[in-house]
There are 2 protein chains.
Amino acid sequence: MASEPMTGTVAERSKSQRAYLSLKERIASHELAPGYRLVLASIAQELDMSAVPVREAIRRLEAEGLVTFERNIGARVSMIDDSDYRHSMESLAVLEGAATALAARNLTDRDLRRARELNGLLVESLDAFDPHLFTAVNQQFHAALFAACPNPRLLALVEAEWVRLGHLRHSTFSFVPGRARESVGEHEALLDLVEGGAPLADIERAARGHRSATLAAYLDHEHPER
Amino acid sequence: MASEPMTGTVAERSKSQRAYLSLKERIASHELAPGYRLVLASIAQELDMSAVPVREAIRRLEAEGLVTFERNIGARVSMIDDSDYRHSMESLAVLEGAATALAARNLTDRDLRRARELNGLLVESLDAFDPHLFTAVNQQFHAALFAACPNPRLLALVEAEWVRLGHLRHSTFSFVPGRARESVGEHEALLDLVEGGAPLADIERAARGHRSATLAAYLDHEHPER
DNA sequence: GTGGTACGGATCGTATATTATCCCTCGAAG
DNA sequence: CTTCGAGGGATAATATACGATCCGTACCAC
């Protein structure tokens with residue numbers, strides 16, 4: 001209703017983009033939890049815009065798998081069950097393993113030093129364990145390893161899967177705290193492989209196995225094997 | 001790719017979805033070539049709807065990387081260069097290799113028989129070679145092998161990459177016809193591995209290598225090493 | 001001739017209005 | 001007590017309208 005008569009300030013971003021970024025961030029931060037109903041009019045009002053740009057934003061999020069959309073019913077933040085989590089982790093294992101191997105030969109000494117530093121932080125944090133923090137630093141560690149991957153498409157796929165997982169669960173380690181200690185050990189081993197110029201196949205197997213192990217730990221914890 | 005062509009039945013799908021499917025298909029079939037300017041109003045008129053649903057469709061396609069969008073300028077079908085093609089093929093090699101390995105143990109005799117039949121078609125078509133047809137059947141062959149993959153997420157990633165590639169180039173084999181003959185031989189070897197219950201790692205390596213070889217053949221042909 | 005500026009058409013961006021659909025509630029029949 | 005159906009509120013789906021922005025072109029100053 002009371003909309004200012006166009007101030008000279010030219011919008012840096014379109015409203016559609018603002019809506020997209022805002023929603024994505026709020027989903028990632030779990031302010032909008034899985035299952036949350038996204039009502040177009042409400043969101044539009046909150047962001048001080050009409051429903052049209054919000055719809056566009058939601059279409060993009062839909063394509064990224066962050067929200068699900070049903071015709072004439074509306075959008076909600078994607079619900080997830082164990083199998084979604086599992087499938088996504090499995091895919092990430094494949095993608096990240098490949099990206100890490102492809103990046104290995106491109107890592108500078110500085111990159112490796114930074115990765116070791118980050119893993120050092122993880123080790124230190126083991127005592128006063130904070131799953132949220134651990135997960136954040138953990139991601140930085142892995143990002144440091146695969147960021148040098150020369151294939152931007154693969155990198156984009158890895159990142160998209162990280163976002164998806166970040167939305168699904170804030171932290172696996174809050175479910176299986178014991179996994180954290182094993183994890184940093186595997187990080188060390190992975191670093192040694194990379195630094196030692198091990199065959200790329202070995203590096204890939206290690207990186208993939210590392211993530212698969214995290215997944216296995218989670219599954220074991222939630223559904224103890226018969 | 002497995003969606004039925006829009007029948008005249010109105011109201012079955014939303015207009016936004018019709019626009020999405022129509023555009024996607026026309027892009028995949030190269031009726032809309034890379035670089036083609038997508039004007040909202042024209043498309044809307046063609047499809048007998050207003051611009052709003054078309055905008056939504058384009059947002060989704062944008063998120064999938066099939067079109068690029070510039071604010072206040074408009075959308076066009078994504079342009080691509082050799083490196084895009086290369087990166088996408090490399091990613092597909094990784095994804096498809098993993099999916100094929102994961103599917104291997106789930107294939108029934110009937111699945112395998114069908115795969116062999118399809119490869120038989122490929123062999124027959126070698127004489128009167130039609131790159132377009134070959135590519136189509138080739139895709140069916142691979143789809144038959146990885147369709148049984150129990151991980152739907154991975155499957156979705158593989159299919160998205162196929163679509164992307166289909167949009168980038170209609171057929172690699174039209175560039176490197178000689179590759180086709182090698183290809184069917186590798187198919188045979190891959191089938192033998194699967195049928196013989198070979199270790200999954202071997203199957204994955206074979207599937208990945210098969211695609212990498214196609215890529216290498218293309219690169220070699222376009223940019224001869226010396 | 002060169003550069004800049006003003007105009008105009010094309011197209012995008014968004015708001016508002018209208019229609020369509022769904023879902024829930026409530027009442028009546030069985 | 002259950003089941004079915006009608007009505008109404010909420011919300012999505014789309015059309016239309018209008019303002020904003022870009023881009024090409026022509027005109028003017030120098």
Side-chain angles (χ1 to χ4, degrees), chain A residues 1-24 26-27 32-33 35-79, chain B residues 3 6-24 26-27 32-33 35-63 66-79:
Chain A
M1 317 334 169
S3 56
E4 51 215 329
M6 91 201 104
T7 63
T9 36
V10 179
E12 289 299 329
R13 304 182 281 240
S14 69
K15 297 202 172 182
S16 138
Q17 190 162 5
R18 268 180 37 214
Y20 170 75
L21 292 174
S22 163
L23 285 174
K24 187 167 179 174
R26 290 204 279 172
I27 290 173
L32 304 178
Y36 190 97
R37 175 84 187 281
L38 297 171
V39 180
L40 293 175
S42 319
I43 297 171
Q45 196 172 0
E46 272 179 61
L47 297 177
D48 190 36
M49 60 181 71
S50 82
V52 178
V54 178
R55 286 180 67 89
E56 289 179 30
I58 284 182
R59 287 302 189 190
R60 289 181 59 181
L61 293 168
E62 183 193 9
E64 294 174 21
L66 262 57
V67 313
T68 57
F69 207 85
E70 269 181 292
R71 158 139 191 192
N72 284 326
I73 299 208
R76 48 182 59 216
V77 179
S78 297
M79 294 286 276
Chain B
S3 13
M6 320 180 287
T7 62
T9 24
V10 205
E12 285 300 325
R13 307 173 198 288
S14 70
K15 298 202 171 182
S16 139
Q17 192 160 4
R18 266 181 38 215
Y20 171 75
L21 292 173
S22 164
L23 285 175
K24 188 167 178 175
R26 289 203 280 173
I27 290 174
L32 304 177
Y36 190 96
R37 176 84 188 280
L38 298 171
V39 180
L40 294 175
S42 320
I43 297 170
Q45 196 173 359
E46 271 179 61
L47 297 176
D48 189 36
M49 59 180 73
S50 83
V52 178
V54 179
R55 289 180 66 89
E56 289 178 31
I58 284 183
R59 288 300 189 191
R60 290 180 60 181
L61 293 169
E62 185 193 7
L66 262 58
V67 312
T68 56
F69 206 86
E70 267 183 291
R71 158 141 168 149
N72 281 325
I73 300 208
R76 49 183 57 217
V77 180
S78 297
M79 297 284 277

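Below, chain A is the first sequence line, B the second, and so on; all start at residue 1. Quantities reported herein were computed from a predicted structural model and do not represent experimental measurements.
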Point to revise | Derivation of the salt bridge (Lys or Arg N to Asp or Glu O under 4.0 Å) call for B/Arg60 and A/Glu64 | key: CA-CA 9 Å; B/Arg60 290 180 60 181; A/Glu64 294 174 21; over 6 Å; no
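What separates CD1 of B/Ile58 from C1' of C/dT11 is a distance of 12 Å, to the nearest Å. The CD-P distance, from A/Gln45 to D/dA10, rounds to 14 Å in whole Å. Distance A/Arg76 CZ to D/dT11 P: 12 Å, rounded to the nearest Å.
A heavy-atom distance below 4.5 Å is not found between the side chains of B/Glu56 and A/Ile58. When side chains are defined from C-beta on, A/Thr68 does not count as touching A/Met79, because their heavy atoms never get closer than 4.5 Å.
Residue contacts shown for B/Leu38 are limited to sugar-phosphate atoms, with no base heavy atom under 4.0 Å away.
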Identify each atom pair where a protein N or O and an N or O of nucleotides 13-15 of chain C are less than 3.5 Å apart, giving names and distance.
| residue | atom | partner | partner atom | Å |
| --- | --- | --- | --- | --- |
| C/dG13 | OP1 | B/Asn72 | N | 3.2 |
| C/dG13 | OP2 | B/Arg55 | NH1 | 2.7 |
| C/dG13 | OP2 | B/Arg55 | NH2 | 2.9 |
| C/dT14 | OP1 | A/Lys15 | N | 2.6 |
| C/dA15 | OP1 | A/Lys15 | NZ | 3.1 |
| C/dA15 | OP1 | A/Ser50 | N | 3.3 |
| C/dA15 | OP2 | A/Ser50 | N | 2.4 |
| C/dA15 | OP2 | A/Ser50 | OG | 2.5 |

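Put simply, the side chain of A/Arg76 never gets that close to the backbone of A/Val67: no donor and acceptor are under 3.5 Å apart.
Atom OG of B/Ser78 is separated from atom CD1 of B/Ile27 by 7.5 Å, given to the nearest 0.5 angstrom.
The side-chain tip of B/Arg59 points at the ring of B/Phe69 from less than 6.0 angstrom away and within 45° of straight on.
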